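Computed over heavy atoms, backbone and side chain alike; hydrogens, waters and symmetry mates excluded. Numbering starts at 1 and runs along the sequence shown. On a predicted model such as this, the values are computed, not experimentally measured, just so you know.
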Amino acid sequence: MTEPARVLHARLHLLDRQVVRESDDRLLCKVDDLEMRPGDRPYVTAILSGPLALGPRLGGLPGWLMTETDRLFRREERPGPYRIEMSLVTEIGSAVRVAGHRQDLALERWLTRNVVGRIPGAAGTEEQDDPESGARDAPEKALRVRERGEDRPDAMRLGGLLGRTVRGPSGEAAGDTVDVRLVQDGPLLAGVHHAFRAAGLLIARRRAGRLFGYERGPGLWGPSLLGALVRRMHGEIRYAEWDQIESLDDEEVRLGVPWERLRSTADL
């Protein structure tokens, strides 16, 4: 009997979680955004971290300041965020656990060289200062958190799907996107496990901060006091399957079906 694919909600279960190394529980970074392969069945390919991942997701003046400040101190011509392949993720719970080895942590080397190494009397090890040191002998699945010159041309960011205005088939305002539902039935990543596919969007009539899970699943709106607060803040919340979405652009989501035909979050 085939087990059902695992289901997560990106904002509730992944974004802003701590990322730790499985071998020694060392904190590596946070999940500031997720890289996705676009298409008819978009799926998550990597964890993105750092100011160049979080800044664009935050948006507005704070996000712009965070992004531009980080670019000011980077040496690359077109710097990008730090990146961890999803094939290295071994567990997703209260934290995201990844497999890997110390010698491949480019982020640690960068901090040692550019921050710790500039403190009088402090010096990094030869292994930390040399990006290739030890990498040749590392196992095939060694963790690689690396600086990239630029984003992949065939990729999109999941954070860009959040906070978009949603319109119905006739152009009427329906609400705003507040979360992305992910189902682990996508392509096999590096022969390790299946990717998380974007299955649909949670849409709220009013956008008022983030949701915390009380508005979805069999325990919908419970406890009653929290349910009343969620309803007052966000209004009605419904779920649009990916094939019910007619189009996506940088600012809006256009539905292919009326609001009334979308599923209730009680079914999630």
Side-chain angles (χ1 to χ4, degrees), residues 9-21 26-38 42 44-86 88-89 92 94-96 98 105-119 124 128 131 143-165 176-180 182 198 201-202 204 207-212 248-253:
H9 293 117
R11 197 170 185 182
L12 182 66
H13 299 123
L14 271 172
L15 294 181
D16 302 319
R17 293 288 173 98
Q18 303 284 358
V19 180
V20 299
R21 189 169 54 213
R26 183 185 179 94
L27 174 64
L28 300 178
C29 58
K30 290 180 67 177
V31 182
D32 290 320
D33 208 339
L34 297 169
E35 180 186 84
M36 298 180 65
R37 180 70 58 86
V44 179
T45 55
I47 291 170
L48 302 180
S49 184
L52 295 184
L54 182 59
R57 191 184 123 209
L58 291 178
L61 181 60
W64 181 84
L65 287 173
M66 180 181 295
T67 301
E68 293 306 310
T69 300
D70 189 70
R71 284 177 175 159
L72 183 65
F73 292 98
R74 298 281 288 272
R75 298 179 181 179
E76 306 96 322
E77 182 179 350
R78 299 181 66 182
Y82 297 104
R83 186 174 183 278
I84 301 176
E85 299 283 349
M86 281 298 292
L88 296 171
V89 174
I92 299 175
S94 58
V96 178
V98 294
L105 294 180
L107 178 56
E108 289 185 8
R109 290 196 301 270
W110 186 90
L111 289 173
T112 300
R113 184 170 59 249
N114 295 279
V115 180
V116 179
R118 297 187 180 186
I119 300 174
Q128 289 172 318
L143 173 64
R144 298 184 184 278
V145 183
R146 58 182 179 271
E147 299 174 66
R148 296 192 298 134
E150 55 187 292
D151 287 320
R152 290 181 172 178
D154 60 343
M156 62 184 288
R157 295 195 186 185
L158 185 142
L161 296 175
L162 300 174
R164 289 192 186 185
T165 299
D176 297 287
T177 57
V178 290
D179 212 337
V180 180
L182 304 174
L201 303 174
L202 270 70
R207 183 174 56 183
R210 67 183 299 170
L211 302 173
F212 293 95
L248 291 167
D249 60 33
D250 293 338
E251 300 293 334
E252 294 185 347
V253 175

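With respect to Thr165, the side-chain contact (heavy atoms from CB on, under 4.5 Å) criterion is satisfied by exactly one of Asp176, Thr177, Val253: Asp176.
Between Leu58 and Gly63, the shortest heavy-atom distance links the atoms CB-CA, 4.2 Å. Pairing each heavy atom of Arg17 with each of Ser94, the nearest pair is CD-O, 3.5 Å. Across all non-hydrogen atoms, the minimal contact from Val20 to Ala95 is CG2-CB, 4.4 Å. Taking all atoms of both residues into account, the shortest heavy-atom contact from Leu182 to Ala10 is CD1-CB, 3.9 Å. Listed here is the closest heavy atom pair of Met86 and Ala46: CG-N, 3.5 Å. Nearest heavy-atom pair, Ala204 versus Val178, reported as atom, atom and distance to 0.1 Å: CB-CG1, 3.8 Å.
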Checklist entry - Between Asp179 and His13, does a side chain to side chain contact (heavy atoms under 4.5 Å, CB included) hold up when you go through it step by step? => result CA-CA 10 Å; Asp179 212 337; His13 299 123; over 6 Å; no
Next on the checklist: Let's go through Lys30 and Leu54 carefully: what are the C-alpha distance in whole Å and the side-chain angles of both, what is the deciding distance for side chain to side chain contact (heavy atoms under 4.5 Å, CB included) to 0.1 Å, and is it a yes or a no?
Outcome noted: CA-CA 10 Å; Lys30 290 180 67 177; Leu54 182 59; over 6 Å; no
Next on the checklist: Set out, in order, the CA-CA distance, both residues' side-chain angles and the distance that settles side chain to side chain contact (heavy atoms under 4.5 Å, CB included) for Leu162 and Leu15, then state yes or no.
Outcome noted: CA-CA 11 Å; Leu162 300 174; Leu15 294 181; 3.8 Å; yes
Checklist entry - Yes or no on side chain to side chain contact (heavy atoms under 4.5 Å, CB included) for Leu14 and Ile47, after CA distance, side-chain angles and deciding distance? => result CA-CA 9 Å; Leu14 271 172; Ile47 291 170; 5.8 Å; no
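Judged by distance alone, the side chain of Asp33 and the main-chain N or O of Leu48 form no donor-acceptor pair under 3.5 Å. Here the side chain of Arg11 pairs no donor or acceptor atom with the backbone of Asp16 at under 3.5 angstrom. Side-chain N or O atoms of Arg57 include none that pairs as donor or acceptor with a backbone N or O of Ala53 at under 3.5 Å. In this structure, Ser49 contributes its side chain and Asp32 its backbone to no donor-acceptor pair below 3.5 Å.
Note that CD of Glu35 is 3.5 Å distant from OG1 of Thr45, once rounded to the nearest 0.5 Å. Atoms CD and CG, from Gln18 and Leu27 in turn, are 5.0 Å apart once rounded to the nearest 0.5 Å. Summarising the geometry, atom CG belonging to Leu52 is positioned 10.5 Å from atom OG1 belonging to Thr69; distances are rounded to the nearest 0.5 Å.
In terms of the side chain to side chain donor-acceptor pair (under 3.5 Å) criterion, residue partners of Glu252 (sequence neighbours excluded) are, by chain and number, Arg167. When the salt bridge (charged side-chain N to carboxylate O under 4.0 Å, His left out) test is applied to Arg71, the partners found at least two apart in sequence or on another chain are Glu68.
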